[in-house]
Amino acid sequence: MRYAFFQGNIVPFNDAKISIMNHAFNYGTGVFEGIRAYWNETQNQLFLLKAREHFERLQRSAWSLKMNLKYSVPEMIELTLQLLKKNDYKQDVYIRPLAYKSADKIGLGLVGIPDDFCIFVAPFGVYLDISKGIKVCVSSWCRIGASSAPLGSKITGAYFNSSLAKSEALEKGFDEAILLSPDGSVAEGSGENLFIIKHGKLITPPLTEIILPGITRETIINLAKNELGMVVEERFVRRDELCQADELFFCGTGAEITPIIQIDETIINEGQLGTVTKKLQAVYFQAAHGDNPKYADWVIPVF
Ligand code: PMP
């Protein structure tokens, strides 16, 4: 049987239900995280990846919707480990903690409306094609700007924007979308951050751009500097730089490191995976699976 953490207890998954009158369901007043745990067959172990970073971001997201999470970061990590043990998955999984306005109440607002916290876990393999690369279009939808939402927070309601962009991409025969900011600079993918490689430099939109401050983004910047000795530029990226890039990739907890081999009609790197992208994939996956002692602090063994 599968289990979830709901209303303060680990319960059978099918008992974790909210009402159709729930505030977060009606108004999108929830915040969430997406965390991975990788199964390592050789070590017979499940490794929870970057848990502290994700729960710290969840806490910041919760504050932005005026919620007071009743669990501390170490407590939420402990609850996640307990839930993973109880579910006993021996495969790659995705962990989805949510903090949400839990009242069954009609009426907008945030203050004085009770909130709650839950976690569910689901088996999860590859999200995008990391071995062949993907085709991406520049979306006709802009990313929601800083004057419309607290940037840096993962707010459930705001993901209508990402869903519109992703859906448009799929309808046009692409795998993913890149959203521009309202002023026309490159922001990010529907659920991932973007990197371009040009003249041996790694370039990515800065945290002052309207992007989610990705945990994988930060990780890639550090790996590129420390493992590959690369120069990393965090700076505004123009749309035309996408098609001129030597290599391009998305990164995210779900997306991992996904090579991009086409932008709209333009084929990148003759449709082949780039050498820098491949090197980053190798070192990222090794560390994320608990196989690199140098990065042992990325992961927590579950069993
Ligand atoms: N941007 C958006 C909009 C996202 O939803 C995500 C996934 N959480 C990311 C970027 C990547 O963030 P992370 O590396 O922390 O998963």
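Numbers here are sequence positions counted from 1. Indexing begins at 1, ligand by ligand and atom by atom, following the structure's order.
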Could you tell me which atoms of ligand 1, counted from 1 in the order shown, lie closer than 4.0 angstrom to a heavy atom of Glu188? 1 (N), 2 (C), 3 (C), 10 (C)
Can you sort out which atoms of ligand 1 are near Gly214, meaning under 4.0 Å from one of its heavy atoms? 12 (O), 13 (P), 14 (O), 15 (O)
Provide, to 0.1 Å, the distance between [atom] and the closest protein heavy atom, together with that atom's residue and name.
atom                    : result
atom 14 (O) of ligand 1 : Thr216 OG1, 2.5 Å
atom 9 (C) of ligand 1  : Gly191 O, 3.5 Å
atom 16 (O) of ligand 1 : Thr253 OG1, 2.5 Å

Between the side chains of Ser185 and Asp183, is a donor N or O closer than 3.5 angstrom to an acceptor N or O?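 Judged by distance alone, the side chains do pair up.
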State which residue, out of Lys50, Arg52, Arg57, fulfils the salt bridge (charged side-chain N to carboxylate O under 4.0 Å, His left out) condition with Glu33.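 Considering Lys50, Arg52, Arg57, a salt bridge (charged side-chain N to carboxylate O under 4.0 Å, His left out) with Glu33 is found only for Arg57.
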Could you check whether Lys90 makes a cation-pi contact with Phe303, meaning its NZ or CZ is under 6.0 Å from the centre of the six-membered ring and within 45° of the ring axis?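 Flagged: Lys90 positioned over aromatic ring of Phe303.
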List the steps, then state whether ring pair (Phe, Tyr, Trp, His ring centres under 6.0 Å) holds for Tyr3 with Phe120. CA-CA 7 Å; Tyr3 296 89; Phe120 68 87; over 10 Å; no
Determine, step by step, whether Val138 and Arg239 satisfy the side-chain contact (heavy atoms from CB on, under 4.5 Å) criterion, reporting the C-alpha distance in whole Å, the side-chain angles of both residues, the deciding distance to 0.1 Å, and the verdict. CA-CA 9 Å; Val138 176; Arg239 177 182 188 157; 3.7 Å; yes
Do any N/O atoms on [X] end up under 3.5 angstrom from N/O atoms on ligand 1?
X      : result
His54  : no
Ile215 : yes
Tyr159 : yes

Say whether Ser190 and ligand 1 are in contact under the criterion: heavy-atom distance to a ligand atom below 4.0 Å. yes
Is Arg57 close enough to touch ligand 1? Criterion: a residue heavy atom under 4.0 Å from a ligand atom. yes
Under 30°, 30 to 60°, or over 60°: which ring-plane class applies to Phe5 and Tyr71, parallel, tilted or perpendicular? perpendicular
Do Phe249 and Leu202 come close enough that some side-chain heavy atom pair is under 4.5 Å? yes
Counting distance only, does the side-chain N/O of Ser153 pair as donor-acceptor with the main-chain N or O of Ile155 below 3.5 Å? no
Mode of Lys154 contact toward ligand 1 - side chain, backbone, both, neither (heavy atoms, under 4.0 Å): side chain
